[in-house]
Amino acid sequence: MKTVKIIALCSAAAFGLGGIGTTAASAQATRTWVSGVGDDVNPCSRTAPCKTFAGAISKTAAGGEINCLDPGGYGTVTITKSITIDCTGTLGSILNSGGINGVNVNDSATGTPNTIDVILRGLTIDGAGTTPGLNGVRFVSGRSLHMQDVFIQNQNGGSGVSVNSPAFADVLLNNVTVTDSQNGVQVQQTGANGTARVVLSNVRLENNSSNGFRVDTTGNTNVGGINATIENSSISGNANGVVANGPAATTTTNILLVNSWASNNSSNGVLASGPLARIRVGNTSITGNGTGVAFGGGAIVNTYGNNYLNGNVTADGAFTLPAIGQN
C-alpha cells in the first residue's frame, strides 16, 4: 500500500513539473533572435534562434526586441504589436518581390488599434524580382514608426515607405535610403482623424520613378493637418523631388525643407498644389531639375531667403514672396 502511494505521489509531482515546463516554454520572451541557420520551431533564444522575423515575432512579447545573430534573409513580416527589429552590426535582409509588402505595420484588428510603437534598425528591404515589391514598409495602423539605418530598393508597385493610416502617426526616418522605387516616401493620412508628424533626417530619396517625398491630404479632414520636416537630406534623380498636395475642403500640409538638396529631378524639384499646401525652404540647393520651384491652385512655397535656386533645365521658377524672416 505504501509503495502504491509513493508511486502516485511521484506521478502527480512529475505531472505538475511537466505542466510548469509547458507554461514556461510557451511564454513570450522580451528578446528573441534570428539566424540564417535557425529554425522557426525553435524558441528563438540566442542558442536556439528562429529563421524568420515572422517566426520570431510570434514568440516575442509586446514591447520586446528581435535581433539578428548573423547576416541572412529573414522574410517579410506583419507587425501587430509594439516591437523593435534591430540588426545593427550585421545584415538583416527582407526580400519582398511578388507584389507584397516587406514590413506591414497594422494593429487595426487588435483591441487597441493605433497604439503600437515600431522601431526598425539595420535592415535592407529589396523588392527585386519578376514582379517587384509593393511597399518596403507599409504603415496602415499604429502610433509610431521609427526607422534608422535602413536601405530600401525596387519597390516599383508602391513606395519605399508608405504611411496611410486613419489616426495620428509619429514617423521618424534617420539615415534611410530609398532608391529605384515608384515613390520614396509617401504620406497620405485619411478621414477625420488622420494626422501625422513626420521627420526625415539624413535621408536619401533617389532615382524613384515618381516622387521622392510626397504628402497628399486628399480625403483627409483632420484639423491637425500633416506636418513634415526634411533636414540634411538628398532628394535627387526622381520624377519630382518634394511634393505637397493639399486640395480644397481637406486639411493642411506643411513641409519644412532645410539644409538639403533637391537636384536632378526630371520634372520638378519642389512642387506644391492646392490651397492647403505649403512648403517652406531654407538653406537648400535646388538645381538640375526640369523646373526648380513650381506651385499652383493657391499653394505656397516660401523661402527663408538663403537658398540656391539656379541651373534648372526648363526654368528655375520662383518662391512665393515676400521671403520669411530668419528670427
Practice item. Would you confirm whether Asn220, through its side chain, and Gly194, through its main-chain N or O, come within 3.5 Å as a donor-acceptor pair? Key: yes
Check your understanding: Going by an N to O cut-off under 4.0 Å, is there a salt bridge joining Arg121 and Asp149?
Key -> no
Review point. Counting only N and O atoms by type, is there a donor-acceptor contact under 3.5 Å from the side chain of Ser141 to the main-chain atoms of Pro113?
Key: no
Practice item. Determine whether Tyr308 and Asn283 make a side-chain contact, defined as any pair of heavy atoms from C-beta on separated by less than 4.5 Å. Key: yes
Revision key, fill the gap. CG of Leu69 to SG of Cys87, rounded to nearest 0.5 Å, is 9.5 Å
Exercise for review: Kindly indicate, with the supporting measurements, whether the criterion side-chain contact (heavy atoms from CB on, under 4.5 Å) is fulfilled by Asn175 and Arg204.
Suggested key: CA-CA 8 Å; Asn175 193 29; Arg204 292 153 299 281; 2.7 Å; yes
**Study point:** Contact summary for Ile286 and Gly292, nearest pair of heavy atoms
**Key:** CG2-O, 3.5 Å
Check your understanding: So, Lys51 side chain and Gly75 main chain: donor-acceptor pair closer than 3.5 Å or not?
Key -> no
Exercise for review: Quick one: closest heavy-atom pair of Ser181 and Asn208, and the distance?
Suggested key: N-OD1, 2.9 Å
Exercise for review: Start with the C-alpha distance between Asn67 and Asp86, add both sets of side-chain angles, then the distance that settles side-chain hydrogen bond (donor to acceptor under 3.5 Å, both in side chains), and finish with yes or no.
Suggested key: CA-CA 5 Å; Asn67 295 133; Asp86 192 341; 4.8 Å; no
Review point. Is the side chain of Asn289 donor-acceptor paired with the backbone N or O of Asn268 at a distance under 3.5 Å, no angle test?
Key: no
Check your understanding: With no hydrogens and no angle check, is any side-chain donor or acceptor of Thr110 less than 3.5 Å from a backbone partner on Asp107?
Key -> yes
Revision key, fill the gap. Looking only at heavy atoms, the pair that brings Gly129 and Ser97 closest together is CA-CB, 3.9 Å
Review point. Does a salt bridge link Asp170 with Arg197, judged by any charged N lying under 4.0 Å from a carboxylate O?
Key: yes
Point to revise | Exam field: side chain Ser58 to backbone Ala56, donor-acceptor pair closer than 3.5 Å | key: no
Check your understanding: How about Asn240 and Arg214: does a side-chain donor come under 3.5 Å of a side-chain acceptor?
Key -> no
Exercise for review: Would you check, one step at a time, whether the test side-chain hydrogen bond (donor to acceptor under 3.5 Å, both in side chains) holds for Gln182 with Ser159?
Suggested key: CA-CA 6 Å; Gln182 182 175 334; Ser159 302; over 6 Å; no
Point to revise | Gln189 vs Thr195 side-chain heavy atoms within contact, under 4.5 Å | key: no
Check your understanding: Do Cys68 and Phe53 touch side chain to side chain, with heavy atoms closer than 4.5 Å?
Key -> yes
Exercise for review: State whether a side-chain donor-acceptor pair under 3.5 Å links Asn222 with Asn193.
Suggested key: no
Exercise for review: Please answer whether the main-chain N or O of Val140 pairs with a side-chain N or O of Asn164 as donor and acceptor at a distance below 3.5 Å.
Suggested key: no
Point to revise | Shortest non-hydrogen contact from Phe295 toward Phe319 | key: CE2-C, 4.2 Å
Review point. Once you round to the nearest 0.5 Å, how far does CZ of Phe139 lie from CD1 of Ile116?
Key: 7.0 Å
Point to revise | Inter-residue atom distance Ile230.CD1 - Leu257.CG, 0.5 Å rounding | key: 5.5 Å
Review point. Rounded to the nearest 0.5 Å, how far apart are CD1 of Ile66 and CG of Leu120?
Key: 10.0 Å
Check your understanding: Does Asp180 reach the main-chain N or O of Gln153 with its side chain, forming a donor-acceptor pair under 3.5 Å?
Key -> no
Exercise for review: Compare all side-chain heavy atoms of Ile85 with those of Leu123 and state whether any distance is below 4.5 angstrom.
Suggested key: yes
Check your understanding: Given Ser35 and Asp70, is the side-chain hydrogen bond (donor to acceptor under 3.5 Å, both in side chains) satisfied, shown in steps?
Key -> CA-CA 6 Å; Ser35 168; Asp70 47 46; 2.7 Å; yes
Review point. Less than 4.5 Å apart, any side-chain heavy atom of Phe151 and any of Thr179?
Key: yes
Practice item. Using only heavy-atom distances, determine whether the side chains of Glu231 and Ser201 contain a donor-acceptor pair under 3.5 Å. Key: yes
Review point. Going by atom types only, do Asp117 and Ser144 share a side-chain donor-acceptor pair under 3.5 Å?
Key: yes
Study note, to complete from the structure: d(His146 NE2, Leu172 CG) to nearest 0.5 Å is 5.0 Å
Check your understanding: Does any non-hydrogen side-chain atom of Gln155 lie less than 4.5 Å from one of Val178?
Key -> no
Exercise for review: Mind listing the closest non-hydrogen atom pair of Thr251 and Leu276 along with its distance?
Suggested key: O-CB, 3.5 Å
Review point. Side-chain donor-acceptor pair under 3.5 Å between Ser162 and Arg138, yes or no?
Key: yes
Exercise for review: Taking atom types as modelled, find out whether Asn211 and Asn183 have a side-chain donor-acceptor pair closer than 3.5 angstrom.
Suggested key: yes
Check your understanding: Per the side-chain hydrogen bond (donor to acceptor under 3.5 Å, both in side chains) rule, which among Thr252, Asn254, Asn302, Thr253 passes with Arg278?
Key -> Asn302
Check your understanding: What about Ile235 and Val215, same hydrophobic cluster or not, with Ile/Leu/Val/Met/Phe/Trp/Tyr joined at side-chain heavy-atom distances under 4.5 Å?
Key -> yes
Exercise for review: Can you spot which of Ile255, Thr217, Thr250 makes a side chain to side chain contact (heavy atoms under 4.5 Å, CB included) with Ile226?
Suggested key: Thr217
Practice item. Would you check if Ile125 and Val103 make a side-chain contact, meaning some heavy-atom pair closer than 4.5 Å? Key: yes
**Study point:** Polar side-chain atom of Ser82 near backbone of Ala62 as donor-acceptor pair, under 3.5 Å
**Key:** no
Check your understanding: Are the side chain of Asn96 and the backbone N or O of Ile100 linked by a donor-acceptor pair below 3.5 Å?
Key -> yes
Point to revise | Single-linkage hydrophobic cluster, 4.5 Å side-chain cutoff, Trp261 and Val243 together | key: no
Study note, to complete from the structure: Value for CG (Asn42) from SG (Cys50), rounded to nearest 0.5 Å, stands at 6.0 Å
Point to revise | Minimum-distance pair of heavy atoms, taken over all atoms of Gly246 and Ala277 | key: N-CB, 3.6 Å
**Study point:** side-chain hydrogen bond (donor to acceptor under 3.5 Å, both in side chains) between Asn101 and Asn135, intermediate numbers included
**Key:** CA-CA 5 Å; Asn101 297 312; Asn135 297 286; 3.1 Å; yes
Practice item. Check whether Ile79 and Leu134 end up in the same hydrophobic cluster, where Ile, Leu, Val, Met, Phe, Trp and Tyr are linked by side-chain heavy atoms less than 4.5 Å apart. Key: no
Exercise for review: Indicate yes or no: at least one non-hydrogen side-chain atom of Leu200 is less than 4.5 angstrom from one of Leu205.
Suggested key: yes
